[in-house]
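By convention in this document, chain letters (A, B, ...) are assigned in the order of the sequence lines, proteins followed by strands, and residues within each chain are numbered from 1.
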Amino acid sequence: MSNTAQVIVNIPARTIDKPFSYVIPAHLAHVDVGWRVLVPFGNRNIEAFVIGLEAENPEGLKSILDILDDYPWFDNNMLATAKWVSEYYLCSLAEAMRLFIPGHTGIKTEKYYQAPDSADLEQAAVVLASKPEEYRTVLSYIYENGPVNLTHLRKLTGNIDVILKFFLQRNLIVPVNTVTKRGRPSYKTIVNLAVSREVAAHAEQTLLKTKPAQRRLLAELLYHQQLDTTQIRRLNISQNAVKQLIATGLITPRSVPVIRNSYSKTVTNYQNIMLTSEQQAALSLIIPAIKDSHQKSFLIHGVTGSGKTQVYIEAVAAARQLGRQAIILVPEIALTSQIVSRFRAAFGDDIVVMHSKLSVGERHDAWRRLRAGEAGIVIGARSALFAPVSNLGIIIIDEEHEFTYKQEESPRYHAREVALIRAKLSGSIVILGSATPAIETYYEALTGKHTLITMQKRVDDAPMPPVTVVDMREELAKGRRSVISEALQEMLTQVLARKEQAVILLNRRGYSTFVLCRECGHVLKCRHCDIALVYHASANTLRCHYCQERHAVPDTCPECGSRYIRYFGTGTEKVEEALATLFPAARIVRMDQDTTGAKMAHDKILSAFAAGDYDILLGTQMVAKGHDIPNVTAVGIISADTALNLPDFRAAEKTFSLLTQAAGRAGRGVKAGRVIMQTYNPEHYAITAGADHNYQGFYQSEIQFRHQLNYPPYTKLIKITVQSGNEAGVHHSASQLAAQLNQLLTATGTLIIGPFPASINKIKDIFRVNIIIKTHDLSGARKCISALGIANRKDIIIDIDPVNVL
DNA sequence: AGTCACCATCGC
DNA sequence: CGATGGTGACTG
């Protein structure tokens, strides 16, 4: 009989990355691997996850205090997935297991203060005599109001921490720790008959003649079986009548959990849509694989408008018919409401939607619906990958090339990689979909890791919009200095005349991107970050886009005092102004981080634009994603090379994918579309291939470049960042670390690059220095890092498979 | 993470 | 001298 449990305490500190043993008390004998429990740890109570059982019972162990659910939270494949994440990404098992808990922790602990059992009032009076008045206030407040929490006490005085410590030391107050479970279901009371229908019917006829309200309730219950409190109130039956009828023993109350559902029901209208031959071909490969129950992955490379979503829906339907569950990942739920509504139209209440705006309680409800089998499909951002689905059949990752699938805090996992592992452990299939697959993914498809499915035709057979590349150097040579080229102006004039709509993309917000003194060449920089300040005309301030600090606009140069300060570079605000000057009658709406701060602002702008309230939608990359508006016939890209010159080996890939996405917004309806790309690098392959809608061409150039410089997919990368407020210290410990790595990592083909300062050397007063390890032997490099013990150093970040190396 | 013990330092 | 503050070890 096993009476000891090994648990992982839910504390994300690397220094406690090991199991702890606890006695399983007799009344919790059913506790097993995967259960969430409450354990005493140090002198507090902590949530923990059971990962093993043992029969032995060494002396001196503490006992598990309680269980947190009445079912195991983790099943075997969730546990194995967490284990894989912790080993691959070099994080603790607790950090990986937390991914499966909405809000990272399942309990909330709060400290209360109260009078001790035997409060020594005399001593209190003596002690208080020499102390300021606020001490007296705090103590009498605690004594009079019983257990009070810190937030309450803070309102009394500013100096609360010192005062509490003073009283605690003299034993005039004692702390009480409370544990509340987060995401508890809310309950409602329902009543049903407690006796047979015959007895109830008889009672209704005879007994209750003089009690009309109780009689009506009984009659309703004979008809409806059960009623909840709101339904009863609606029938104009009082609480008191219900209570009295319960007292007779004819009916009984029962408490049942309420599922909070922030989505109203949508009608299921799953239509049989005629599939294109490409869609049918894709499904003829995918559906048999779902039935096979072996891990298999597909890459659907489909141009925008080729109908990938319909393939996803059919594949999910096939999985559901087999009783298996589905996880659908989208890059960002706010930008992908269209795919969500398509799925909801097809599957109705079988869907649970996860997004960042859900409260922790709502997330738990969503999880409960999945566990209870009330829903079989979860759709959401990367965290939805950790949904508690026990019979997984399919994982879909839409727009798989998006960098939002990489978590930029520990554990720094990539949803694509974790999905492949979870699928392998559960015998599911994975579908990766994109118009511009990540270079690594496409390479893996060509080399057989994924089955490649290509969809080249748009559903309505519409052609891809023709793209004109405008060389801005020639514009300047012609003497035209505007940010809007002649060709773009002409296209917009035509679009406006035809009452059609245009989308303008510029991936930079603000008015001017830097401010320079023409006398001494000084560029205004943020005090806390090594970055130029951006001028925002709307608020007439200079802003740092990294620490959000606002600075007043100076009249004179802070360096030399000259009044010759000028604004350079172009952001969305300046383009908005230029457009308004060129087209005074046009209705223009700007969409960027500054105009979408409010909740749902993003959706509002897009739907107003879709409804025809505006002629031109202008904004940052968010205008390039996830919408499909038939009247948009023109797309203008102000500066196609914004990202191209960044010192990142993925700069070309980022550029190509953004251009392709933006271009894909034009001509989605019956009207033909046009695209104009303005650039200073018209001959760069990312631009030429983007203009030709030529993924293959781009891939060939890019893979060659990766091969020559030995970048992924030909090697694996690890990025090690050393950070600290002390500039000299960072450089010192980084070079020390690099020297150690050079000594240990001697495998051929392993290269240590750096240390070199991060491209933004300082952010929020923290200096960062990077070391990149390029290797064919990832697990060897990982072992070496573990051996050095740097994985749990606070000033070091280790990023396996980083998505940016800046 | 959060707690506590330990030691160095500070102010009267 | 005790009060304060920073560091490091430890949690079963």
*Under 4.0 Å between any heavy atoms, over every strand shown, what does F41(A) touch: base, sugar-phosphate, or nothing? Just pick one.*
base
*Starting at CG of L358(A), measure out to CG of D365(A) and round the result to the nearest 0.5 Å.*
9.5 Å
*Criterion side-chain hydrogen bond (donor to acceptor under 3.5 Å, both in side chains) on R14(A) and S410(A), from CA distance to verdict*: CA-CA 11 Å; R14(A) 301 274 164 79; S410(A) 180; 2.8 Å; yes
Return the value, rounded to whole Å, for the distance between atom [atom1] of [X] and atom [atom2] of [N].
X: E95(A); N: dA1(B); atom1: CD; atom2: C1'; answer: 12 Å
X: K108(A); N: dG2(B); atom1: NZ; atom2: P; answer: 14 Å
X: Q6(A); N: dG12(C); atom1: CD; atom2: P; answer: 15 Å
X: L61(A); N: dT11(C); atom1: CG; atom2: P; answer: 13 Å
X: H104(A); N: dA1(B); atom1: NE2; atom2: C1'; answer: 14 Å
X: L65(A); N: dG12(C); atom1: CG; atom2: C1'; answer: 12 Å
X: K794(A); N: dG8(C); atom1: NZ; atom2: C1'; answer: 11 Å
X: N45(A); N: dA1(B); atom1: CG; atom2: C1'; answer: 14 Å

*Among the nucleotides dC4(B), dG12(C), dA1(B), which one has an atom lying closest to any side-chain atom of R44(A)?*
dA1(B)
*Are any of N43(A)'s side-chain N or O atoms less than 4.0 Å away from OP1 or OP2 of dC4(B)?*
yes
Going by atom type alone, with no hydrogens or angles, which donor-acceptor pairs under 3.5 Å involve a side-chain atom of residues 18-42 of chain A and a protein atom two or more places apart or on another chain?
unit_1: S21(A); atom_1: OG; unit_2: Q6(A); atom_2: NE2; d: 3.4
unit_1: Y22(A); atom_1: OH; unit_2: P40(A); atom_2: O; d: 2.7
unit_1: R36(A); atom_1: NE; unit_2: D69(A); atom_2: OD2; d: 2.8
unit_1: R36(A); atom_1: NH1; unit_2: E47(A); atom_2: OE2; d: 2.8
unit_1: R36(A); atom_1: NH2; unit_2: D69(A); atom_2: OD1; d: 2.8

*Between Y71(A) and R371(A), is there a cation-pi geometry (under 6.0 Å to ring centre, at most 45° from the normal)?*
no
